[in-house]
Amino acid sequence: MIEIIPNWHPVLVHFTVGLLFTAVVFYFAYSFLPERFSWRQQWLHMANWSLWTGSVLTLVTVIAGILAFNTVAHDTASHLAMSVHRNWALPTAVVFITLAIVAVRLARKQQNPGWIFLSASGIAGLMLITTAYLGGEVVYRHGIGVLSLPDIEADAGHHQHDHVQHDDEHRGTKSDGHDHQH
């Protein structure tokens, strides 16, 4: 198997979030689109397939997340952040998997989702956004799963993204008196 450093969770989670959020958007679009639109039913199919696929992938993502939780190097502050993320992720996964089961039953009975299902989807979507935000905090604020961080102090003043300065360098002029060799 291909080894992803540090683990598979960051790869899988993006698909999970994308599919589940797409499902919520299409359930709302389906629900609020007037019945006279012929492609309204296609949006329900899109929502269902996104939910079903995302929910199956959620199981794999949660397993990878648990493995990551138990294997990545972390300190006390990052452990707390990972715990908060996990405590949101697990109930969010349960809600989406439950919605997927209900959606399968509705589809088999050829029934359309009602306002209770739509409300639960909206709540699940908010839970998903919160969980994703907390996961981002774990990576970007605490550096979990990041193998190395750039040494900004050692590179101070030598790598800037100022387009005017960049243009001046290509013309052979220095606009600020610093040597900008890379």
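All of these numbers come straight from a predicted model, not from anything done at the bench.
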* **Pairs involving residues 72-99, ordered by first then second residue, that meet salt bridge (Lys or Arg N to Asp or Glu O under 4.0 Å) (sequence neighbours left out)** => none
* Distance in Å, L51 CG paired with L19 CG, rounded so as to fall on 0.5 Å steps -> 9.5 Å
* To do: Compare every heavy atom of L106 with every heavy atom of P113, then report the nearest pair and how far apart it is.
  => CA-CD1, 3.8 Å
* To do: Can you measure from OG1 (T16) to CG (L12) and round to the nearest 0.5 angstrom?
  => 6.5 Å
* Counterpart residues, side-chain contact (heavy atoms from CB on, under 4.5 Å), relative to Q110 (two or more places apart) -> none
* Apply side-chain contact (heavy atoms from CB on, under 4.5 Å) to V13 and list each qualifying residue two or more places apart in sequence or on a separate chain. => H9, V17, T61
* To do: Using a 4.5 Å cut-off on heavy atoms from C-beta on, say whether the side chain of N70 contacts that of I66.
  => yes
* By side-chain contact (heavy atoms from CB on, under 4.5 Å) - contacts of E137 (at least two apart) -> Y133, R141
* Atom CH2 of W49: over 12 foreign heavy atoms under 6.0 Å -> no
* **Interatomic distance, Q41 atom CD to Y30 atom OH [nearest 0.5 angstrom]** => 5.0 Å
* same_hphob_cluster(F21, L57) at 4.5 Å side-chain heavy-atom cutoff -> no
* Structure fact -> So the side chain to side chain donor-acceptor pair (under 3.5 Å) pairs with at least one residue in residues 114-125 (sequence neighbours excluded) are none
* At their closest point, which heavy atom of V62 faces which heavy atom of A93, and how far apart are they? -> CG2-CB, 3.9 Å
* Asked: Pairs in or reaching into residues 93-107: which pass side chain to side chain donor-acceptor pair (under 3.5 Å), with residues at least two apart or in two chains?
  -> none
* To do: Return the set of residues passing side-chain hydrogen bond (donor to acceptor under 3.5 Å, both in side chains) with N87 (not counting sequence neighbours), or none when no residue passes.
  => none
* To do: Determine, using the 4.5 Å side-chain heavy-atom cutoff (strictly less than), whether L118 and I129 are members of one ILVMFWY cluster.
  => yes
* Side-chain contact test, heavy atoms from C-beta onward, threshold under 4.5 Å: evaluate it for L44 versus N48 and give yes or no. => yes
* To do: State which residues pass side-chain contact (heavy atoms from CB on, under 4.5 Å) with Y140; sequence neighbours excluded, sorted by chain then number.
  => none
* Where do V95 and A124 come nearest, in terms of heavy atoms and distance? -> CG1-CB, 3.6 Å
* To do: Could I get the full list of ring pair (Phe, Tyr, Trp, His ring centres under 6.0 Å) partners for W43, not counting sequence neighbours?
  => F26, W39
* Structure fact -> Interatomic distance, CD1@I97 vs OG1@T92, rounded to 0.5 Å, equals 10.5 Å
* **Partners meeting side-chain hydrogen bond (donor to acceptor under 3.5 Å, both in side chains) with T58 (sequence neighbours left out)** => none
* Asked: Which value, rounded to the nearest 0.5 Å, describes the distance between I123 atom CD1 and L128 atom CG?
  -> 13.5 Å
* To do: State yes or no: do F28 and I116 share one hydrophobic cluster built from I, L, V, M, F, W and Y residues joined by side-chain heavy-atom distances below 4.5 Å, directly or via other members?
  => no
* Audit row: L134, V138, side chain to side chain contact (heavy atoms under 4.5 Å, CB included) steps and yes/no -> CA-CA 6 Å; L134 293 169; V138 167; 5.8 Å; no
* Contacts of Y27 that satisfy ring pair (Phe, Tyr, Trp, His ring centres under 6.0 Å) - sequence neighbours left out -> F117
* Using the rule that two of Ile, Leu, Val, Met, Phe, Trp, Tyr join whenever any of their side-chain heavy atoms come within less than 4.5 Å, decide whether I101 and V94 are in one cluster. => no
* To do: Decide if atom CZ of F15 counts as having more than 12 heavy atoms of other residues, nucleotides or ligands within a radius under 6.0 Å.
  => no
* Look up atom CD in E35 and atom CG in N112, then write down how far apart they are to the nearest 0.5 Å. => 8.0 Å
* To do: Scan for ring pair (Phe, Tyr, Trp, His ring centres under 6.0 Å) pairs involving residues 75-96, sequence neighbours excluded, and state none if there are none.
  => F69-H79, H74-H79
